[in-house]
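Remember, it's 1-based here, ligands and their atoms both numbered in the order they're listed.
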Amino acid sequence: MKKLGMGLVGPGFIAAHHLDAVRRLGHVEVVGIAGSSLESARKRARELGVAHAYPGYRELLADPAIQVVHNTTPNHLHREVSLAALRAGKHVISDKPLASTTQEARELYEAARDAGVAHVVTFNYRGYPLVQQARAMIAKGKLGPTVFVHGCYLQDWLTDERAYSWRLDPKRGGASSALGDIGSHWCDLAEHVTGARIVAVLADLHTAVPTREAPAASAKAFAGTGDKTARRKVKITSEDLASVLLRFDNGARGCVTVGQVLPGHKNDLRLEVSGRLASLAWRQEQPNDLWIGHHAKANTVLTRDPALLDPAARGYAHLPAGHPEAWADAFRNLIADAYAWIGRGGTPDTRPTALPTFADGYRNSLVIDAMLKSHAAGGAWQPVDDFLEPRRAKGKRG
Ligand code: SOE
């Protein structure tokens, strides 16, 4: 079988994980990468073991050996690169958030829909087997009607005022920082797992570290604090902390806390869903356990075991119980679903149901935008602009 060719634009931190995931699939050839210059692309190509470096993304898109483009550029370049890739007829896998603004996200969604190719946005936390298990249990009514959805996404990598990233620069990261970077994952996960949509939000945003010392020259995604280069003071205007109340379209209430300046919290994403019959809780840092809470009988913990999972979730678990699977495995599951869809031509009715698309990316940007508006209005309830992707009758697992 002829391998599919992939190319990657924007070889920063996350690029290595895209390549890892693709290489684990076995039926995809990594053709080449493009960065901000030929020199930087060559350097990264050597580090990542990639054969070919292009002078820029246009040259990469012009290569007929590439059918799939992974867009891992900083947020402000998502639109330009993804649109060009769609126009070149390539399947596109974009990092989240889909774009810097909701207008751009909408434009990308419409372009992807009209292009008739596969379009994926990396809400990778959907790829965990126990996330799919939770979703299947809720869809089958095991929790009863949903009452409350709450959780958090907390990190600490921006705690030190000398930590800096392009994510904090509205021109490159977008108007929102913590909400756009990680709140977006939580909202996507909450909607995906519950099958309900966030329809209104009340947000309180805060910048706990309003001035930072950025490296004088270009700032890397995760500039460490041990960095000895010259620094400049930068005023931070986007939030590093947010608390948001939520209302869902099925009547459920919820709340989420998001922050990136919270010492000790590394990648602490937690989601709990309570129904009238039972509750479920999942934590990204202990992803092999799903807590199931009851009122009138003992609570239980379901440890990831392919034999015990719902058929909809089983395919996402690859190792026997007791052999922990984690972030890279979930990421690989998302990429596997993406390539399964691509293998079927990327037609709307052949998409694996767990796979997040540009429609999800657009919808997610509407949710985050409503949070920004709510805060700007002094903490008032703000409806989420309506957008419903036409639902398909029947989904498929990759
Ligand atoms: C940094 O906050 C980051 O790498 C996010 O950009 C990712 O989307 C998240 O998965 C982990 O944290």
task: Using a strict 4.0 Å cut-off to heavy atoms of Y153, name the atoms of ligand 1 that fall inside it.
output: 9 (C), 10 (O), 11 (C)

task: Compute the shortest N/O to N/O distance between N124 and ligand 1 and return yes if it is under 3.5 Å, no if not.
output: no

message: On a heavy-atom basis, I'd like to know which of I182, D181, T122 is closest to atom 1 (C) of ligand 1.
response: D181

- prompt: Taking only heavy atoms of Y125, which atoms of ligand 1 are found under 4.0 Å from at least one of them?
  reply: 9 (C), 10 (O), 11 (C)

- prompt: Under 4.0 Å from any heavy atom of F13, which atoms of ligand 1 are there?
  reply: 4 (O)

- request: Provide the number and element of each atom of ligand 1 under 4.0 Å from a heavy atom of Q260.
  value: 2 (O)

- line: Within 4.0 Å of some non-hydrogen atom of K96, the atoms of ligand 1 are 5 (C), 6 (O), 7 (C), 8 (O)

query: Under 3.5 Å, side chain of Q67 to main-chain N/O of H91, donor-acceptor pair present?
result: no

field: Audit row: N364, H185, side chain to side chain donor-acceptor pair (under 3.5 Å) steps and yes/no
entry: CA-CA 9 Å; N364 191 267; H185 276 301; over 6 Å; no

Per-residue contact class, D95 against ligand 1 - non-hydrogen pairs under 4.0 Å: neither

task: Spell out, yes or no, whether L60 and V30 are grouped together once hydrophobic residues are joined by side-chain heavy atoms under 4.5 Å, including indirect joins.
output: no

- request: Might you confirm whether atom CZ of R42 has over 12 heavy atoms from other residues, nucleotides or ligands at distances under 6.0 Å?
  value: no

task: Over all heavy atoms of both residues, which pair between I33 and A41 is shortest? Give the atoms and the distance, please.
output: CD1-O, 3.7 Å

message: Given 3.5 Å as the limit, does a donor-acceptor pair link the side chain of N75 with the main chain of G173, or not?
response: yes

message: Any nitrogen or oxygen of H185 lying under 3.5 Å from a nitrogen or oxygen in ligand 1? Just yes or no.
response: yes

task: Using ring pair (Phe, Tyr, Trp, His ring centres under 6.0 Å) as the criterion, list what pairs up with H150, not counting sequence neighbours.
output: F148

